[in-house]
Amino acid sequence: MKYQFPENFWWGSASSALQTEGASDSGGKSATTWDHWFAQQPWRFHQQVGPQHTSTFYQHWQQDIALLKQLNHNSFRTSISWSRLIPDGTGEVNAEAVAFYNCVIDELLAQGITPFLTLFHFDMPLAMQEKGGWESRDVVTAFGRYAQVCFDLFGDRVLHWFTFNEPIVPVEGGYLYDFHYPNVVDFRRAATVAYHTVLAHAAAVSAYRAGDYRGEIGVILNLTPSYPRSQHPADLTAAHHADLLFNRSFLDPVLLGEYPPDLVALLKQYDQLPACLPGDSALIAAGKIDLLGINYYQPRRVKCRENAVNPAAPFMPEWFFDHYEMPGRTMNPYRGWEIYPPGIYDILTNLRVNYGNPRCFISENGMGVENEQRFAQDGQINDQYRIDFISDHLKWLHKGIAEGSHCLGYHMWTFIDNWSWCNGYKNRYGFVQLDLASQTRSVKKSGEWFAATAANNGFDGEQ
Ligand code: BGP
């Protein structure tokens, strides 16, 4: 069967500044929390590879954009590095950074590739973290100004803006589960960070609306559908709580302009609510978006808790559910994530039925695989597993669109193997293989498949 996608469908991929640019201590850039953390605790990072060099986009942007063109991308998302553009977070704009981002944007446009830009992809300037990071209201204000600077500098050519990439991840990593700096474990502080992130998002959206720019603004959320083990009421409640905490804590404010009452009640019951100020609700209501980016990697399967909570343990989302390992599930063993293509359809259906069918696109989906060298054939990585992964997800996406979902595109994570936070270069995600020693780039089989799919606006596949 031919899986044909709507006209002008966005085909492309996503990346982020910190994971690709490199030059982390040059070009006038200041340190992020990642540079700082790596200097303090390099053993936290796979093979002790830090963020200094990553995939050298800062030097090789022209060559990389030529590769995007070769992969038939009509759109591409990356992020601006706040610490490169405004090194102390609030003061002078770095002219070298402006020149760099102008080159990237202009080259993308010259190659017929629509730039999508994210303002914050996990890379907190250290100077801002030292002022409290997202726990501080001052940082929220500083972010609003940074956003405004970006719109003024680049908004004449960039028409698709995203305030945050996966804003819940720094909350989880930095304040609950110890996989991002500052490695705090404290739910109430996590809730404050999440709340202030929503305020910062809304401040940026408000600045965008006030400036009368000619594009659109949204946010990128990692949505993880919560599937209960069974239809038993206790399992359903567990799934409802997981959904409230991990999905709706950001989805509802950005689409509906307010938090789910059940979530507020839950946090109030456990005395975990962040401090709110008069005017916050109006600001959040003004943060409603034009376009939702959906990052989908894996579902979340839950069941009711088997055991009582240890009342002395830190309050955690897991007070309300246990993780459930569904028998027969398909795993990506390298990343430890379940592969479940129907999840993409379930997300789109939920948005269509419960959120008024917003304009959206798949902004990340992908498969990280370790030691891909073993799949090399005649000098090319034959990553058929990645082609299968993408086409399986695209089939479910196609079904969602056929049933009326307003999904406008599909971006893969990612175009070139890049640095994955604490995992360094362990798992490779790219359409393009990166040889770390020589920085040579070579297109994998999946890159060729994707280029053909984008050119044909679809692909032939089994039903
Ligand atoms: C998303 C992030 C990306 C990227 C990707 C793959 O959560 O937006 O930055 O890294 O996941 O995950 P990982 O790098 O952790 O394997």
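In listed order, ligands and their atoms are each counted from 1. Keep in mind it's a predicted model, so treat the numbers as computed, not measured. For reference, positions follow the sequence shown, starting with 1.
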(request) Could you tell me whether some N/O pair between Trp421 and ligand 1 is separated by less than 3.5 angstrom? (result) yes

(message) Tell me whether ligand 1 is touched by Trp419 - counting only heavy atoms on the residue side and a distance under 4.0 Å.
(response) no

(request) Could you check atom 5 (C) of ligand 1 against the protein and tell me its nearest heavy-atom contact, residue, atom and distance included? (result) Tyr297 OH, 3.3 Å

(message) If the threshold is 4.0 Å, N to carboxylate O, is there a salt bridge linking Asp64 and Arg441?
(response) yes

(message) Under 4.0 Å between a side-chain nitrogen and a carboxylate oxygen: does that hold for Asp88 and Lys131?
(response) no

(request) Could you tell me the residue and atom name of the protein heavy atom closest to atom 7 (O) of ligand 1, and the distance to it rounded to 0.1 Å? (result) Glu166 OE1, 2.5 Å

(request) Could you check Phe122, Tyr175, Phe164, Tyr195 and say which one makes a ring-ring contact (aromatic ring centres under 6.0 Å, His included) with Trp134? (result) Phe164

(request) Measure the distances from the heavy atoms of Asn427 to every atom of ligand 1 and state whether one is below 4.0 angstrom. (result) no

(message) Could you tell me, atom by atom, which parts of ligand 1 come under 4.0 Å of a heavy atom of Trp337?
(response) 12 (O)

(message) My understanding is that only one of Arg428, Lys445, Arg386 makes a salt bridge (Lys or Arg N to Asp or Glu O under 4.0 Å) with Glu372; could you say which?
(response) Arg386

(request) Taking only heavy atoms of His121 into account, list the atoms of ligand 1 that are under 4.0 Å away from them. (result) 2 (C), 3 (C), 8 (O), 9 (O)

(message) Can a donor-acceptor pair be found, under 3.5 Å and without considering hydrogens, that links the side chain of Trp419 to the backbone of Val49?
(response) yes

(request) Quick one: look up the protein heavy atom nearest atom 12 (O) of ligand 1 and list residue, atom name and how far away it is. (result) Tyr429 OH, 3.4 Å

(message) Need the ligand 1 atom indices (1-based, order shown) with element for anything under 4.0 Å from a heavy-atom of Asn165.
(response) 8 (O)

(message) My understanding is that we take every heavy atom of each candidate and find the minimum distance to atom 2 (C) of ligand 1. Doing that for Lys426, Met367, Glu364, which one comes out nearest?
(response) Glu364

(request) Cation-pi check, Arg300 to Phe246: give yes when NZ or CZ is under 6.0 Å from the six-membered ring centre and within 45° of the ring axis, no otherwise. (result) yes

(message) Please classify the Tyr334 to ligand 1 contact at 4.0 Å (heavy-atom distances, strictly less than): side chain, backbone, both or neither.
(response) neither

(message) Only heavy atoms of Arg335, strictly under 4.0 Å: list the atoms of ligand 1 that pass.
(response) 13 (P), 15 (O), 16 (O)

(message) Please check: side-chain N/O of Lys288 versus main-chain N/O of Leu255, any donor-acceptor pairing under 3.5 Å?
(response) no

(message) Could you identify the single nearest non-hydrogen protein atom to atom 14 (O) of ligand 1 and state the distance to 0.1 Å?
(response) Ser420 OG, 2.7 Å

(request) Salt-bridge test for Lys29 and Glu96: reply yes if a basic N is under 4.0 Å from a carboxylate O, no otherwise. (result) no

(message) Cation-pi check for Phe321 against Arg301: NZ or CZ below 6.0 Å from the six-membered ring centre and within 45 degrees of the axis, yes or no?
(response) no

